[in-house]
Amino acid sequence: MTDFLPWQQAPARHWLATRERFAHAWLIHSRPGCGQMEFALAGAASLLCESPRDGLACGECQACRWVKAGNHPDLRRIRPDDQAVREGALDVAEDAKKQPSREIRIEQIRSLLPWFNTATHRGGWRVALLYPAEALNTIAANALLKILEEPPEHTVFLLSAQAPDRLLPTLVSRCRRLTLAVPPVAESLAWLETQGVKDAAARLAAAGDAPLLALEQAQQGLPVMPAWLDLFLDQASQGGDGAVLADALQAGEPADWVDDFQRLWLDLSLCTHGLPPRYHPAQAARIKAVARGLDPAALARTADWLRDQRRLAHHPLNPKLLADHAARTLLQSVRPVRAAPKGRP
Ligand SMILES: [Zn+2]
């Protein structure tokens, strides 16, 4: 896909209008699931297009055909192997014993060096697309930094990131930042409907208004309300001890369920303040029932705990222990506060 998403076209035109005095490195970022990687790729296609229409790639010229086919000589995609496998650009069977890397490695950055010395097609741009930039390991990030300190001619680096705070600050300081807003709900809904997504409104809300995330979840056939949240609400209202929930959490990826619980926690917190839930409006009655009588301060403490877990979730030391602990912590923190016994000193 080399076209901008519908909500990206106006900001893209604005951005590309300055292409004559373009910065040599851009950090393109937005919330996850809002299409920053798609924006960067469509941006590369537009920079390489030989007859752009209204600033954007025409989709028909030789350069556009090359970009679509993935073989434009002036475009390099630098991404972790696991991303390349997901795109179908790298065969897993090539080295089935090894897990595909989740990092952008220094060899990938070094392999760009000879490319900088080759002439570009008809003297146009050369575009290096790096995504997600968070996947750059420290050594690779430093190698890239060195290149950006003395940028090669006619070359634009487009880095796409969801969490720029996780990047090397010196690298960030070498890039112009382009922040993409969360698309307007109406535009996202219209787009999701063209993609054949049912329950688009509930999906979009559950995905925090991030349309690509909503689409991905629909395509994977995931329920709008993740199963562990469903189970949690049941267990919370029945006074469950956490064992059932722990089993469910253990079967999932901590990074996934921590994220889902962070969203549910915001919904619970909104309900304690008499506001409607944001992520799961269709489950308002159940969420309100659990939120009734809860102490907002206690909820906030658990929200902090969840935030800490989010940082560790990709590398839990002991997933079973984490699942057990999380199930108990989460359920305990939604037990209504009992009135203190009276008549005691
Ligand atoms: Zn074109």
Side-chain angles (χ1 to χ4, degrees), residues 1-30 33-79 83-84 86-90 104 108 111-133 147-148 151-161 175-181 183 187-188 190-192 194-195 211-212 215:
M1 196 193 70
T2 56
D3 290 332
F4 286 102
L5 292 157
W7 57 86
Q8 296 177 338
Q9 291 179 9
R13 282 199 183 91
H14 184 72
W15 174 55
L16 289 162
T18 64
R19 72 173 82 195
E20 296 310 318
R21 45 194 166 80
F22 229 39
H24 61 82
W26 289 89
L27 177 62
I28 298 166
H29 67 100
S30 69
C34 292
Q36 74 273 47
M37 193 262 278
E38 288 74 6
F39 187 98
L41 178 56
S46 297
L47 288 170
L48 294 167
C49 175
E50 288 169 8
S51 48
R53 284 185 199 149
D54 200 8
L56 309 186
C58 74
E60 286 164 13
C61 69
Q62 178 68 63
C64 283
R65 286 202 299 271
W66 278 339
V67 171
K68 273 187 197 159
N71 56 10
H72 196 301
D74 299 324
L75 174 64
R76 287 284 179 93
R77 297 186 190 207
I78 304 106
R79 74 285 217 207
Q83 173 72 29
R86 275 201 295 279
E87 291 170 13
L90 189 71
I104 295 176
Q108 292 174 277
S111 74
L112 297 173
L113 296 174
W115 180 56
F116 297 142
N117 296 321
T118 58
T120 61
H121 179 68
R122 295 192 194 165
W125 290 105
R126 185 187 288 121
V127 184
L129 201 59
L130 274 104
Y131 59 93
I147 293 172
L148 295 184
E153 286 197 330
H154 301 298
T155 307
V156 176
F157 289 83
L158 301 179
L159 281 69
S160 119
C175 300
R176 282 275 299 278
R177 281 172 85 136
L178 181 69
T179 307
L180 304 174
E187 283 188 50
S188 295
W191 178 76
L192 284 171
T194 65
Q195 304 294 311
L212 278 84
L215 177 64

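Positions are given from 1 along the sequence. Whatever order the structure lists them in is the order used to number ligands and atoms, beginning at 1.
Without hydrogens or angle criteria, Gln108 side chain to Arg79 main chain gives a donor-acceptor distance under 3.5 Å.
Listed by chain and residue number, nothing satisfies the side-chain hydrogen bond (donor to acceptor under 3.5 Å, both in side chains) test with His72 (two or more places apart in sequence, or in another chain).
Checking His154 against Thr120 by side-chain atom types alone, no donor-acceptor pair falls below 3.5 Å.
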- Query: Is there a salt bridge (charged side-chain N to carboxylate O under 4.0 Å, His left out) between Arg53 and Glu60 once you walk through the steps?
  - Reply: CA-CA 11 Å; Arg53 284 185 199 149; Glu60 286 164 13; 2.9 Å; yes
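For the Zn ion (ligand 1), the count of nearby protein N/O/S atoms, taking only those under 2.8 Å, is 4.
Considering every non-hydrogen atom in both Gly43 and Phe4, the closest pair reads N-CZ, 3.4 Å.
Aromatic ring centres of Phe22 and Trp15: separated by under 6.0 Å.
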